[in-house]
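Right, one structure below, let's go through it.
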Amino acid sequence: EIVLTQSPGTLSLSPGERATLSCWASQGVGRNYLAWYQQKPGQPPRILIYATSTRATDIADRFSGSGSGTDFTLTISRLEPEDCAVYYCQQYGTAPTFGQGTKVEIK
Amino acid sequence: QVQLVQSGAEVKKPGASVRVSCKASGYTFIDYYMHWVRQTPGQGIEWMGRLNCNTGGTNVGEKFAGRVTLTRDTSISTAFMELSRLTSDDTAVYYCARGGDGSWTHLHYWGQGALVTVSS
């Protein structure tokens, strides 16, 4: 099983600041099958990024993904109040797993 | 638009089974895999398995092997997840989620979730 470790656990930033969320895999993620999801309280996760860097439909371009192998990053270039949420990475090889999440707080 | 509508909350006793349904609309049901995941405060998000809605073939995560049964009824575009031999550790929100294009993909659309509470 590929274990995904996200860092930091909580990120507290002001509107307009840049957020950098990390996701490390215990072994290489094949074909860069790495996705990022946003989850707000009481809602299911929502797909933001898949295949490491492809934005899902209707996702704002302030969200971007990068990385390869075992090291992946989600960047929110200019935080907006509605970005307050928990963000999860997921590898979706033959035994998908999720990271434990990073909570983004807006000051 | 794609919609996945799940059945409602359930309360079950330890040792019992639970069946959660997921009715799909807005796309051709048999063209995509349906995945099941669950979320708990303690374990986070866990992938349970996936169902080939065309063939009925399944892949189930190691942790859930022997306890999870994934089925579908193509006539009503509905997928089902049954979890047996419930314990308190199975108290969670259970989601169905449709995959993207291809075999192993991200989870593109999600149901609203079904809370299953296991309590004596």
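Chain naming here is simple, since letters A, B, ... match the order of the sequence lines and numbering starts at 1 in each. Please read all numbers here as calculations on a predicted model, not as lab measurements.
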Find the N and O donor-acceptor pairs between chain B and chain A that sit under 3.5 Å apart.
{"from": "B:Q39", "atom 1": "OE1", "to": "A:Q39", "atom 2": "NE2", "distance (Å)": "2.9"}
{"from": "B:Q39", "atom 1": "NE2", "to": "A:Q39", "atom 2": "OE1", "distance (Å)": "2.8"}
{"from": "B:Q39", "atom 1": "NE2", "to": "A:Y88", "atom 2": "OH", "distance (Å)": "3.3"}
{"from": "B:L107", "atom 1": "N", "to": "A:Y37", "atom 2": "OH", "distance (Å)": "2.8"}

Would you mind reporting whether A:P45 and B:L107 have side-chain heavy atoms less than 4.5 Å apart?
no

Quick check on the hydrophobic clustering: are A:F98 and B:V60 connected, directly or via other members, by side-chain heavy-atom contacts under 4.5 Å?
no

Any chain of hydrophobic side-chain contacts (each under 4.5 Å) joining B:L115 to B:V5?
no

Using the rule that two of Ile, Leu, Val, Met, Phe, Trp, Tyr join whenever any of their side-chain heavy atoms come within less than 4.5 Å, decide whether B:L83 and B:F80 are in one cluster.
no

So for B:V93, is it side chain, backbone, both, or neither that comes closer than 4.5 Å to the heavy atoms of chain A?
neither

Using the rule that two of Ile, Leu, Val, Met, Phe, Trp, Tyr join whenever any of their side-chain heavy atoms come within less than 4.5 Å, decide whether B:V116 and B:I45 are in one cluster.
no

Does one hydrophobic cluster hold both A:L11 and A:L48, with members joined at side-chain heavy-atom distances below 4.5 Å?
yes

Options A:G99, A:P96, A:P44, ranked by heavy-atom pairs under 4.5 Å with chain B, top entry:
A:P96

